[in-house]
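Residue numbers count from 1 along this sequence.
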Amino acid sequence: MMAVQQKALGHVRYVLKDGLKFLPLYGWYFSQHGGIYVKRSAKFNESWMKNKLRSQMKAETPMYLVIFPEGTRYNPDIPKVIADSQAFSMKEGLPVLKHVLTPRIKATHVAIETMQDYLDAVYDVTVAYENTTTQTGQRKEAPSMTEFLCKECPRIHINVERIDIKDIPKEQSFMRRWLHERFEVKDRLLTEFYEATEPENLNKFPGEGHVAKLSLKKTVPPLFILAGVTAGMLCTETGRKVYMNTWIYGTLIGCLWVSIKA
């Protein structure tokens with residue numbers, strides 16, 4: 001949604017967990033589009049990620065590189081993940097976070113170290129959802145796309161802070177401390193958003209915001225094109241065979257291709 005506002009949707013690249021490369025068709029697409037699959041903890045392949053980033057830089061590809069340092073979603077319905085994250089913070093002597101998970105530094109450090117002369121800034125993005133707390137104030141799982149489109153979550157709030165690349169520590173231990181401090185800021189923002197004692201501050205980020213709407217001319221044409229092509233294929237026996245074979249064989253070939261390239 002943010003990339004569309006900046007007319008940069010085609011320039012978004014993601015750092016993704018390794019298992020997503022086996023998603024039917026999409027796993028192959030993300031890889032070809034510059035996505036970077038990484039394994040967690042000891043299996044993290046630093047040199048492979050650097051090479052992938054350098055190939056993007058060599059091609060002079062303009063991009064937003066999106067990293068989720070937590071490594072997985074914050075989900076109140078899976079308390080063990082949250083408890084393990086908080087235990088890790090305590091073990092490392094770091095402040096314990098309530099509304100976000102403890103960030104991991106490896107992918108972030110590799111990306112900034114490799115691309116420090118290519119990037120202008122890091123954008124710290126914090127996302128919060130209205131109507132996602134119980135009557136007792138406990139957070140619920142973030143809404144699905146269907147729930148959002150059905151207005152069960154009326155608004156998504158996005159807080160963005162721009163950090164100049166020269167203001168980020170280069171040495172890994174200092175960057176790790178910096179990254180955790182950024183997540184402490186996120187935690188305070190989300191605590192105020194979900195737990196504000198004053199009703200006028202509930203479900204709001206501090207400061208002045210603006211409503212970012214997507215115009216129909218940006219959303220309706222792609223919808224009709226996709227629906228038209230899909231419906232056209234499914235209306236004939238030959239089209240249905242092509243559709244199914246594309247998914248089946250495209251998925252198999254894509255998984256094989258991504259596995260070899262990795």
* Asked: To the nearest 0.5 Å, how far apart are CG in Leu97 and CD1 in Ile82?
  -> 11.5 Å

* To do: Classify the angle between the aromatic ring planes of Tyr29 and His33 as parallel (below 30°), tilted (30 to 60°) or perpendicular (above 60°).
  => parallel

* Output yes when Asp187 and Lys98 qualify as a salt bridge under the 4.0 Å nitrogen-oxygen rule, no when they do not. => no

* Asked: Is the closest side-chain heavy-atom distance between Ile112 and Ile168 below 4.5 Å?
  -> yes

* **Exam field: side chain His109 to backbone Lys170, donor-acceptor pair closer than 3.5 Å** => yes

* **Heavy-atom donor-acceptor pair, Gln86 side chain to Ala83 backbone, under 3.5 Å** => no

* Atom pair CG (Leu190) and OH (Tyr129), whose distance is rounded to the nearest 0.5 Å -> 10.0 Å

* Under a 4.0 Å N-O cut-off, is there an ion pair linking Arg176 with Glu181? -> no

* Is a side-chain donor or acceptor of Thr134 paired with a backbone partner of Gln138 at a separation under 3.5 angstrom? -> yes

* To do: Flag the pair Arg177 and Glu171 as a salt bridge only when some basic side-chain nitrogen lies within less than 4.0 angstrom of an acidic carboxylate oxygen.
  => no

* To do: Without swapping roles, check the side chain of Asp164 against the backbone of Asp167 for a donor-acceptor pair under 3.5 Å.
  => no

* Asked: So with a 6.0 Å cut-off around CD of Glu237, is the heavy-atom count from everything else above 12?
  -> no

* Run the salt bridge (Lys or Arg N to Asp or Glu O under 4.0 Å) check on Arg73 and Glu141 step by step: do they pass? -> CA-CA 10 Å; Arg73 293 186 304 149; Glu141 184 180 7; 3.4 Å; yes

* **Spacing of Leu25 atom CG and Leu252 atom CG [to the nearest 0.5 Å]** => 10.0 Å

* Within a reach of under 6.0 Å around CG of Leu216, are more than 12 heavy atoms found that belong to other residues, nucleotides or ligands? -> no

* Can you tell me if Arg240 uses its side chain to pair, donor with acceptor, with the backbone of Leu234 under 3.5 Å? -> yes

* Asked: Just wondering, are more than 12 heavy atoms of other shown residues or ligands nearer than 6.0 Å to OH in Tyr118?
  -> yes

* More than 12 non-hydrogen atoms from neighbouring residues, nucleotides or ligands closer than 6.0 Å to CD on Glu200, yes or no? -> yes

* Please answer whether the main-chain N or O of Thr102 pairs with a side-chain N or O of Ser85 as donor and acceptor at a distance below 3.5 Å. => yes

* Asked: Using 30° and 60° as the class limits, which term best fits the ring planes of Phe68 and Tyr14: parallel, tilted or perpendicular?
  -> parallel

* If you count the non-hydrogen atoms of other residues, nucleotides and ligands that lie under 6.0 Å from CE in Met57, is the total more than 12? -> yes

* To do: Measure from the side-chain N and O atoms of Glu70 to the backbone N and O of Pro103, and report whether any donor-acceptor pair falls under 3.5 Å.
  => no

* Does any N or O in the side chain of Tyr37 come within less than 3.5 Å of the main-chain N or O of Gly27, such that one atom is a donor and the other an acceptor? -> yes

* Asked: Between the side chain of Gln6 and the main-chain N/O of Ala8, is any donor-acceptor distance below 3.5 Å?
  -> no

* Would you please classify the geometry between the Phe205 ring and the His157 ring as parallel, tilted or perpendicular, with 30° and 60° separating the classes? => perpendicular

* **Sidechain-backbone polar pair: Ser55 side chain, Lys52 backbone, donor-acceptor under 3.5 Å** => yes

* Answer with yes or no whether the side chains of Thr126 and Lys186 bring together a donor and an acceptor at under 3.5 Å. => yes

* Structure fact -> d(Met145 CE, Cys150 SG) to nearest 0.5 Å is 11.5 Å

* **Lys50/Glu113 salt bridge by N-O under 4.0 Å criterion** => yes

* Please round to the nearest 0.5 Å and tell me the distance separating atom CD of Glu161 and atom CD1 of Ile163. => 5.5 Å

